Amino acid sequence: MHNGSCAGVALVTGASRGVGAGIAEALGALGMTVYLSGRTLSGIGTDSVGGQRLSGNLEASAAAVSDAGGHGIAVQCDHADDAQVAALFERIEREQGRLDLLVNNATFLPPQLTAPGPFWEKPLAMSQMLDVGLRSAYVASYCAMPLLLRSAQGLIVFISSFGANCYMHGPAYGAQKAGCDKMAADMAVDLESTPVKAVSLWLGLQKTERSALAGADDNVDYAAFLERAETPQFTGRVIHSLWSDPELERLNGHTLIVAEQALAYGLRDTDGRQPASLRQQLGAPPAVHPARVG
């Protein structure tokens with residue numbers, strides 16, 4: 001269900017670079033007004049891989065949204081700070097009066113994420129993924145609900161991973177992703193009588209600067225990696241199709257594999273490729289028990 005003649009208002013958290021920036025750009029290409037939040041407004045932030053700082057910032061990402069045909073609005077916001085998050089949604093309310101789509105992408109990704117070794121030999125800071133990534137997604141969803149309820153069809157999306165079910169990057173990463181999937185499932189129960197729905201998405205291998213640097217650091221055959229990887233824009237197009245789906249209700253609370261949902265919607269990646277699902281290699285989203293207590 002499209003929201004009348006309006007192309008929609010979206011917020012993508014953690015959109016300074018990488019997956020969030022690509023999702024925002026794709027939504028802009030489909031005409032949406034997109035708010036992009038994150039810590040790095042301009043210049044280069046502090047995130048790094050293999051000792052190299054990652055490029056990208058909110059102003060550049062917002063410009064890419066506008067260049068693609070949408071309206072990109074950069075808002076500096078540390079999603080570890082509840083007051084800043086509340087102020088972000090207050091601004092969206094003042095300027096737009098509603099929100100149609102929330103993409104919970106902001107996640108703390110430590111430099112040691114893909115380093116070998118057990119969790120007790122890595123910095124305790126790895127647990128910050130449970131603050132910015134899991135708790136922050138709950139806070140953003142909480143603050144977004146009054147605005148999403150004003151939408152003809154609102155959608156909350158959690159950016160998750162096959163690591164929610166298989167071992168990937170250690171227990172903190174896995175717990176954050178599994179938590180997002182469960183949050184989508186449980187929020188869906190509370191959302192049943194509303195125009196708002198919630199889903200969690202498992203992304204495939206991503207074509208981002210972070211992945212390229214991590215691959216080089218780990219001596220990965222990056223050419224082979226690229227043959228199977230997806231662009232973040234691919235995920236953005238799937239998200240837009242979900243928000244536009246007149247039968248979105250049937251997917252409420254589900255954890256979906258992006259490559260499979262793209263196939264269902266007839267979507268291909270930006271280069272015309274049809275990325276394959278990693279279900280056989282990395283597993284499938286587990287079923288949620290229908291019992292309800294409390």
Side-chain angles (χ1 to χ4, degrees), residues 1-42 55-77 79 85 88-106 140 143-144 147-148 150-159 195-197 199 201 203 206-209 230-246 248 258 261-262 265-272:
M1 178 199 305
H2 289 284
N3 292 296
S5 61
C6 178
V9 180
L11 166 62
V12 181
T13 71
S16 299
R17 62 186 63 84
V19 170
I23 288 172
E25 182 182 354
L27 296 177
L30 292 161
M32 297 192 84
T33 294
V34 185
Y35 285 78
L36 302 89
S37 67
R39 294 174 299 164
T40 309
L41 183 62
S42 60
S55 63
N57 58 63
L58 290 171
E59 290 180 345
S61 297
V65 170
S66 297
D67 290 345
H71 182 200
I73 303 171
V75 183
Q76 190 172 35
C77 176
H79 280 270
V85 176
L88 166 63
F89 286 97
E90 289 166 3
R91 174 174 174 178
I92 296 173
E93 181 174 25
R94 286 195 310 270
E95 296 178 354
Q96 307 297 333
R98 75 172 200 283
L99 183 66
D100 299 303
L101 173 63
L102 169 63
V103 181
N104 282 311
N105 173 70
C143 292
L147 299 180
L148 288 166
R150 299 176 190 173
S151 174
Q153 177 160 289
L155 177 61
I156 300 172
V157 176
F158 295 88
I159 298 302
V196 184
K197 308 307 171 198
V199 299
L201 297 181
L203 281 59
Q206 293 295 295
K207 293 181 181 179
T208 63
E209 181 186 18
E230 307 165 358
T231 66
Q233 289 81 356
F234 179 63
T235 296
R237 294 175 64 202
V238 169
I239 289 172
H240 188 274
S241 292
L242 283 164
W243 172 66
S244 305
D245 192 336
L248 179 59
V258 168
Q261 201 59 36
Y265 286 137
L267 299 175
R268 290 181 175 271
D269 210 336
T270 54
D271 60 0

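Computed over heavy atoms, backbone and side chain alike; hydrogens, waters and symmetry mates excluded. These figures come from a predicted structure and were not determined experimentally.
- Across Ala106 and Gly14, no two heavy atoms sit closer than the pair CB-N, 3.6 Å.
- Looking at Leu58 and Val75, their side chains never come closer than 4.5 Å, going by heavy atoms from C-beta outward.
- Residues satisfying the side-chain contact (heavy atoms from CB on, under 4.5 Å) test with Thr270, not counting sequence neighbours, are Thr231, Gln233.
- Between the CD atom of Glu59 and the CD1 atom of Ile73 there is a distance of 13.5 Å, given to the nearest 0.5 Å.
- Annotation: the span from Lys207 atom NZ to Asp269 atom CG amounts to 6.0 Å, rounded to 0.5 Å.
- In plain terms, the two heavy atoms of Tyr265 and Ser241 that are nearest each other are CD1-CB, 3.5 Å.
- Atom-to-atom distance recorded for Leu27:CG and Asp100:CG is 11.0 Å, nearest 0.5 angstrom.
- Between Lys197 and Asp245, no side-chain nitrogen of the basic residue sits less than 4.0 Å from a carboxylate oxygen of the acidic one, so the salt-bridge criterion is not met.
- The backbone N or O of Gly72 lies less than 3.5 Å from a partner atom in the side chain of Ser66, making a donor-acceptor pair.
- Under a 3.5 Å cut-off, the side chain of Ser151 and the backbone N or O of Gln153 do form a donor-acceptor pair.
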_Test log, rule side-chain contact (heavy atoms from CB on, under 4.5 Å), inputs Glu95 and Thr33_ = CA-CA 11 Å; Glu95 296 178 354; Thr33 294; over 6 Å; no
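- Separating the CG atom in Asn57 from the CD atom in Gln76 is a distance of 10.0 Å, to the nearest 0.5 Å.
- Atom CG in Leu147 sits 10.0 Å away from atom CG in Leu102 (nearest 0.5 Å).
- Atom CZ of residue Arg91 and atom OH of residue Tyr35 lie 6.0 Å apart, to the nearest 0.5 angstrom.
- Under the 3.5 Å distance criterion, the side-chain polar atoms of Arg39 are left unmatched by any main-chain donor or acceptor of Ser16.
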*Apply side-chain contact (heavy atoms from CB on, under 4.5 Å) to Leu203 and Phe234, showing your working.*
CA-CA 10 Å; Leu203 281 59; Phe234 179 63; over 6 Å; no
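- Pairing each heavy atom of Ser61 with each of Arg17, the nearest pair is OG-N, 4.1 Å.
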*Test side-chain contact (heavy atoms from CB on, under 4.5 Å) on Ile159 and Ile23 and set out the steps.*
CA-CA 10 Å; Ile159 298 302; Ile23 288 172; 3.8 Å; yes
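- The nearest pair of heavy atoms linking Cys77 to Leu88 is SG-CD2, 4.2 Å.
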_Let's go through Glu93 and Arg150 carefully: what are the C-alpha distance in whole Å and the side-chain angles of both, what is the deciding distance for side-chain contact (heavy atoms from CB on, under 4.5 Å) to 0.1 Å, and is it a yes or a no?_
CA-CA 10 Å; Glu93 181 174 25; Arg150 299 176 190 173; 2.8 Å; yes
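- The minimum heavy-atom distance between Thr13 and Ser37, with the atom names listed, is CA-OG, 3.2 Å.
- Closest approach of Leu11 to Leu99, counting heavy atoms only: N-CD1, 3.8 Å.
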